[in-house]
Visitor: 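Please see the structure below; I have some questions.
All values reported here derive from a predicted model rather than from experimental measurement.
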Amino acid sequence: MCYVVMGSPLLMDPNSICRRSKPAGGAYTELCQTQPEIIQKVAKGARLAIRECQHQFRYQRWNCTGHGKSLGKILQQDIRETAFINGIMAAGVLHAVTWACSQGELLQCGCAAIKSSSGSPKDHAMESSVPAHQDQRWDWGGCGDDVDFGYKISRQFMDTRTRKGRSDIRSLIDLHNNEAGRLAVKTNMRSECKCHGLSGSCTLRSCWMKLPLFRQVGNHLMQSFRMAVRVMGGNDGKSLIPLNWDALPLGAHSLIYSDESPDFCMANRRTGSEGTRGRVCNGTETAPGACDWLCCNKGHEEHTLEYEENCQCQFQWCCEVQCERCAVRKEVNICL
C-alpha cells in the first residue's frame with residue numbers, strides 16, 4: 001500500500017518522497033540525493049505508524065484506513081485524529097531509523113555512545129530505570145539504541161514540511177504533536193543489563209538502553225489521544241493555551257487540537273469520513289466496537305461466513321508439518 005498525500009507525512013514510498021521534495025528543496029532534497037538509504041527507513045517508519053494507527057483505532061468509527069485522499073482530508077483539519085497521525089508518524093520515523101542504526105543497516109549511525117558511569121549507582125539507576133544493587137559493580141556498555149540519531153532524522157522530515165496556506169497556530173500545533181510522538185518513544189526506552197562474573201555471579205553488569213516495542217508507543221499515544229487538549233492561540237500569536245479552563249495542563253506529552261471532530265458516521269468527501277457502513281461490529285453491548293455505537297444506531301445485520309482453515313496439524317519427522325483442512329462457520333455483525 002502506498003499513500004502519497006501532498007503536504008503530509010504519509011509519504012510511504014521512497015520514490016514519492018523524493019519526487020515531492022524537488023520543488024521544495026532543503027532537507028528532503030539533500031537526503032534524497034546523498035543518503036537514499038535513510039529515505040528507505042523513513043518510508044518504513046511511515047508504514048509502521050499507519051499499521052499501528054489502524055490497530056489502535058480498529059474499534060473506532062474512524063479506523064485510520066482508506067485511500068490517500070481520505071487521509072489527506074483528515075490531515076487538512078486540526079482535529080484529534082490529525083494530532084494522533086502526526087504524533088504516531090513522527091514516532092514511527094524515529095523508531096524505524098533508530099532500529100536500522102542498531103541493526104547495522106545504516107552507515108551514518110550505529111550503537112549509542114556509552115554513557116559515563118561516574119556518579120553513584122543510585123543516581124544512574126534513577127536516570128536509566130536500572131535497579132541499583134549496592135553489592136554490584138556496573139557500567140554502561142553493550143549496543144544501546146542510538147535514539148538521538150533517529151530523533152534528528154524525525155525532526156528533519158516531520159518538522160520542516162512546507163505549510164502553504166497554514167496559520168502560525170496550526171504550525172505550532174503540528175510541531176507540538178510531532179514532538180509528543182517522539183517523546184512517546186524516548187520516555188519509554190527500557191534498560192537491558194547483562195551479568196558478568198565467575199560461575200554465573202553478577203559481580204559486574206553491563207547496561208544499555210533499548211527501544212520500546214512500537215505497540216507500547218502506540219498505546220501511550222492512544223492514551224494521549226483520549227486525553228487530548230483543545231487549544232487556541234494566545235494573544236501574542238506565538239503561544240497555545242487550553243480552550244477550557246478546567247482542561248488538563250498542557251504538557252510536552254499532550255496531543256493537542258483546535259477543532260472538534262466530525263462523528264464519522266456517514267461518508268463525507270469533504271471531511272475524509274468513509275462512514276461505518278459495512279464495518280464489522282461486536283454484538284455485545286459493552287465491548288469495544290459495540291454495534292449500537294459503531295453503527296451510529298442505524299442497525300446491523302448478522303451474516304454467516306464460511307471458510308476453510310488449517311486444523312489438526314502434526315509435525316512429521318523430519319521436517320514437515322501436515323495439516324487437514326476444516327470448514328469453519330462464523331457469525332459476524334455488519335453495520336447497515
Visitor: Show the nearest heavy-atom pair for residues Leu240 and Gly233, with the distance to one decimal.
Guide: CD2-CA, 4.4 Å

Visitor: Is there a chain of hydrophobic side chains (I, L, V, M, F, W, Y, each step under 4.5 Å between heavy atoms) that links Leu221 to Leu48?
Guide: yes

Visitor: Do Cys313 and Cys323 have their SG atoms under 2.5 angstrom apart?
Guide: yes

Visitor: Counting only N and O atoms by type, is there a donor-acceptor contact under 3.5 Å from the side chain of Arg279 to the main-chain atoms of Gln60?
Guide: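 Yes, Arg279 side chain to Gln60 backbone: donor-acceptor pair under 3.5 Å.
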
Visitor: With distance as the sole test, does Ser191 use its side chain to make a donor-acceptor pair with the main-chain N or O of Met209 at under 3.5 Å?
Guide: no

Visitor: Charged N to carboxylate O below 4.0 Å: is that the case for Glu306 and Arg329?
Guide: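 A salt bridge is present here (some side-chain N lies under 4.0 Å from a carboxylate O).
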
Visitor: Evaluate salt bridge (charged side-chain N to carboxylate O under 4.0 Å, His left out) for Asp174 paired with Arg170, printing each intermediate quantity in order.
Guide: CA-CA 6 Å; Asp174 287 350; Arg170 175 63 194 275; 3.1 Å; yes

Visitor: Just wondering, more than 12 heavy atoms not from Arg325 lying within 6.0 Å of its CZ?
Guide: yes

Visitor: Give the C-alpha distance, both sets of side-chain angles, the deciding distance and a yes or no for disulfide (SG to SG under 2.5 Å) between Cys109 and Cys101.
Guide: CA-CA 5 Å; Cys109 57; Cys101 291; 1.9 Å; yes

Visitor: Mind running side chain to side chain donor-acceptor pair (under 3.5 Å) on Gln56 and Asn219 for me, showing each step along the way?
Guide: CA-CA 7 Å; Gln56 295 293 338; Asn219 292 341; 2.9 Å; yes

Visitor: Would you say the SG of Cys207 sits less than 2.5 Å from the SG of Cys193?
Guide: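 Yes, because the SG atoms of Cys207 and Cys193 sit under 2.5 Å apart, which meets the disulfide cut-off.
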
Visitor: For Cys281 and Cys335: C-alpha separation, side-chain torsions, deciding distance, then whether disulfide (SG to SG under 2.5 Å) applies.
Guide: CA-CA 7 Å; Cys281 62; Cys335 291; 4.2 Å; no

Visitor: Apply the side-chain hydrogen bond (donor to acceptor under 3.5 Å, both in side chains) test between Ser261 and each candidate in Arg80, Glu81, Gln77; give the one that qualifies.
Guide: Glu81

Visitor: Do the side chains of Leu250 and Leu172 join up, straight or via other hydrophobic residues, at under 4.5 Å, putting them in one cluster?
Guide: yes

Visitor: Kindly say whether Leu294 contributes a backbone atom to a donor-acceptor pair with the side chain of Thr276 at under 3.5 angstrom?
Guide: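 Such a contact is found between Thr276 side chain and Leu294 backbone.
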
Visitor: Could you tell me if the side chain of Pro262 sits less than 4.5 Å from the side chain of Ile79, heavy atoms only?
Guide: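 Side chain of Ile79 against side chain of Pro262, heavy atoms only: contact under 4.5 Å found.
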
Visitor: Decide whether Phe225 and Ile88 are clustered together by the hydrophobic rule: side chain heavy atoms of Ile, Leu, Val, Met, Phe, Trp, Tyr closer than 4.5 Å, transitively.
Guide: yes

Visitor: Between Ile50 and Met89, is there a side-chain heavy-atom distance shorter than 4.5 Å?
Guide: yes

Visitor: Taking the side chain from His253 and the backbone from Gly181, do they hold a donor-acceptor pair closer than 3.5 Å?
Guide: no

Visitor: Using a 3.5 Å distance criterion without hydrogens, assess whether the side chain of Gln54 forms a donor-acceptor pair with backbone atoms of Cys64.
Guide: yes

Visitor: Are more than 12 heavy atoms from other residues, nucleotides or ligands located less than 6.0 Å from atom CG of Asn244?
Guide: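 Correct, the count exceeds 12.
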
Visitor: Any side-chain donor-acceptor pair under 3.5 Å between Asn297 and Asp292?
Guide: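 The answer is no; no qualifying pair exists.
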
Visitor: Just wondering, more than 12 heavy atoms not from Arg230 lying within 6.0 Å of its CZ?
Guide: yes

Visitor: Do side-chain atoms of Lys298 reach the backbone of Arg277 as a donor and acceptor pair under 3.5 angstrom?
Guide: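 A pair under 3.5 Å: no.
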
Visitor: Mark yes or no for whether Thr187, through its side chain, and Leu183, through its backbone, hold a donor-acceptor pair below 3.5 Å.
Guide: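 Here the side-chain-to-backbone pair exists.
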
Visitor: Between Phe57 and Phe84, what is the ring plane arrangement, given parallel below 30°, perpendicular above 60°, and tilted in between?
Guide: perpendicular

Visitor: Are the side chain of Thr98 and the backbone of Asp145 linked by a donor-acceptor contact shorter than 3.5 Å?
Guide: no

Visitor: Would you say the side-chain atoms of Arg58 pair up with the backbone N or O of His55, donor to acceptor, closer than 3.5 Å?
Guide: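 Yes, the answer is positive, given that a donor and an acceptor are paired below the 3.5 Å cut-off.
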
Visitor: Less than 4.5 Å apart, side chain to side chain, heavy atoms only: is that true for Gln223 and Met227?
Guide: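 They are in contact (side-chain heavy atoms under 4.5 Å apart), so the answer is yes.
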
Visitor: What are the two closest heavy atoms between Phe264 and Ile74, and how far apart are they?
Guide: CE2-CD1, 3.7 Å

Visitor: For a quick test of reading the model, state the closest non-hydrogen atom pair linking Asn333 to Asn282 and the distance between them.
Guide: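 Heavy atoms of Asn333 and Asn282 come nearest at ND2-C, 4.5 Å.
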
Visitor: Donor-acceptor check, side chain of Ser273 to backbone of Arg269, threshold 3.5 angstrom: yes or no?
Guide: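 Looks like no, no N/O pair under 3.5 Å.
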
Visitor: Is the charged tip of Arg182 near the ring of Tyr151: under 6.0 Å from the six-membered ring centre and within 45° of its axis?
Guide: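 Pair Arg182/Tyr151 counts as cation-pi.
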
